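Fair warning: this is a prediction, and the values are worked out from it, not measured in the lab. For this chain, numbers begin at 1 and follow the sequence in order.
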Amino acid sequence: MASPRTITIVALSVALGLFFVFMGTIKLTPRLSRDAYNEMKRAYKSYVRALPMLKKMGVSSILLRKSIGALEVACGIVMTLVPGRPKDVANFLLLLLVLAVLFFHQLVGDPLKRYAHALVFGILLTCRLLIARQPEELPPEKRMLSVNGDEQPPIHDAAPEKGKMKVS
C-alpha cells in the first residue's frame, strides 16, 4: 500500500499539473475561453508597459504571454505524467514562474483578487516541493544504524531479549 506521503505527492502533482496545463492553454489559445484569453492579452500588455526593459530587449507582450503559456503547459504535462526527478524540476520552474507573475501583478498594482490564485498555487507548489524533497522514513524494522561508518542492524535486533540467550 502506498504511503500517505506518496499519495499526497501524486495528488498534488496531478492537480497542479492539470491546473497549469489549463492556465497555459488559456494563454496560448482562445479555444477554451475567449474572454479569459482576451483578459490575458490585456494583462500581458500592461506587464510589458510597466517594464520598459522588456521592450528594449525585444520582448513583446505576445512573446511573453506565449512563452509563459508554453512553459506552463510543458511543466504541467511533466507534473502530471512524468515520474521521478523531472517532476521536481518542473515544480521548481513553475514556482519561479509564479513568483514572476506575482511580481508583474504587484508592478501594475493589481488588487489581491486578481492574483490570489497565483498566490495559492505558489504555496501549493512550495508544499509539494518540500514534501517531495523530504527523505522517506523507513519502517523501524528496515532502519540500519551507522556506527563508525559501518551499518549495523537496529539495536532491538542485535541485542537478545532480556532473559534470553542468543545462540548461533
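No side-chain heavy atom of Val101 sits less than 4.5 Å from a side-chain heavy atom of Tyr115. Contact check for Arg5 versus Ile9: side-chain heavy atoms found under the 4.5 Å cut-off. Within the 4.5 Å cutoff, no side-chain heavy atoms of Lys41 are placed close to those of Ser61. The shortest distance between side-chain heavy atoms of Val14 and Leu18 falls below 4.5 Å.
Between the CG atom of Leu97 and the CE atom of Met23 there is a distance of 11.0 Å, given to the nearest 0.5 Å. Leu93 contributes atom CG, which lies 10.5 Å from atom CE of Met79 (distance to the nearest 0.5 angstrom). Note that the CD1 atom of Ile7 and the CG atom of Leu12 stand 12.0 Å from one another [nearest 0.5 Å]. Annotation: the span from Lys27 atom NZ to Arg65 atom CZ amounts to 10.0 Å, rounded to 0.5 Å. Atoms CZ and OG1, from Phe19 and Thr80 in turn, are 12.5 Å apart once rounded to the nearest 0.5 Å. Atom OG1 of Thr126 and atom CG of Leu99 lie 7.5 Å apart (nearest 0.5 Å).
Under a cut-off of 6.0 angstrom, the local environment of CZ in Arg42 is crowded, with over 12 non-hydrogen atoms contributed by other residues, nucleotides or ligands. The environment of Leu81 atom CG is dense: over 12 non-hydrogen atoms of other residues, nucleotides or ligands sit within 6.0 angstrom.
The minimum heavy-atom distance between Cys75 and Ala90, with the atom names listed, is O-CB, 3.7 Å. Closest of all the heavy-atom pairs between Pro4 and Thr8 is O-OG1, 2.7 Å. Tyr37 approaches Ile26 most closely through the heavy-atom pair CD1-O, 3.2 Å. Taking each heavy atom of Phe104 and Ile68 in turn, the nearest pair found is CE1-CD1, 4.3 Å. Nearest heavy atoms, Val108 versus Ala50: CG1-CB, 3.7 Å.
Residues Phe22 and Leu119 fall within the same hydrophobic cluster, defined by Ile, Leu, Val, Met, Phe, Trp and Tyr side chains chained together at heavy-atom separations under 4.5 Å. Note: the hydrophobic cluster containing Ile123 does not contain Leu130 (ILVMFWY, side chain heavy atoms under 4.5 Å, direct or indirect links). Under the 4.5 Å side-chain heavy-atom criterion for Ile, Leu, Val, Met, Phe, Trp and Tyr, Ile131 and Leu95 are members of the same hydrophobic cluster. In the hydrophobic clustering of ILVMFWY residues, with side-chain heavy atoms under 4.5 Å counting as a link, Leu124 and Ile77 come out apart. A continuous path of ILVMFWY side-chain contacts below 4.5 Å connects Val120 to Val98, so both sit in one hydrophobic cluster.
Applying the salt bridge (charged side-chain N to carboxylate O under 4.0 Å, His left out) rule to Arg49 yields no partners; only residues at least two apart in sequence or on another chain are considered. Residues passing the side-chain hydrogen bond (donor to acceptor under 3.5 Å, both in side chains) test with Arg133, sequence neighbours excluded: Asp88.
Remark: aromatic rings of Tyr47 and Tyr44 are close, center separation under 6.0 Å.
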Which is it for Phe103 and Leu51 under the side chain to side chain contact (heavy atoms under 4.5 Å, CB included) test, yes or no, and what are the steps along the way? CA-CA 11 Å; Phe103 171 74; Leu51 274 173; 4.1 Å; yes
Which is it for Arg114 and Glu39 under the salt bridge (Lys or Arg N to Asp or Glu O under 4.0 Å) test, yes or no, and what are the steps along the way? CA-CA 11 Å; Arg114 297 244 333 151; Glu39 180 60 28; 2.6 Å; yes
Could you go through Lys55 and Val59, starting from their C-alpha distance and side-chain angles, then the distance that decides it, and tell me whether this counts as side chain to side chain contact (heavy atoms under 4.5 Å, CB included)? CA-CA 5 Å; Lys55 203 68 145 167; Val59 178; over 6 Å; no
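Of the possible polar contacts, none joining the Asn91 side chain to the Lys87 backbone as a donor-acceptor pair under 3.5 Å is found. A donor-acceptor contact shorter than 3.5 Å links the side chain of Thr25 to the backbone of Val21.
In this structure, Phe20 and Phe121 have perpendicular ring planes: the angle between them is above 60°, well past the 30° mark.
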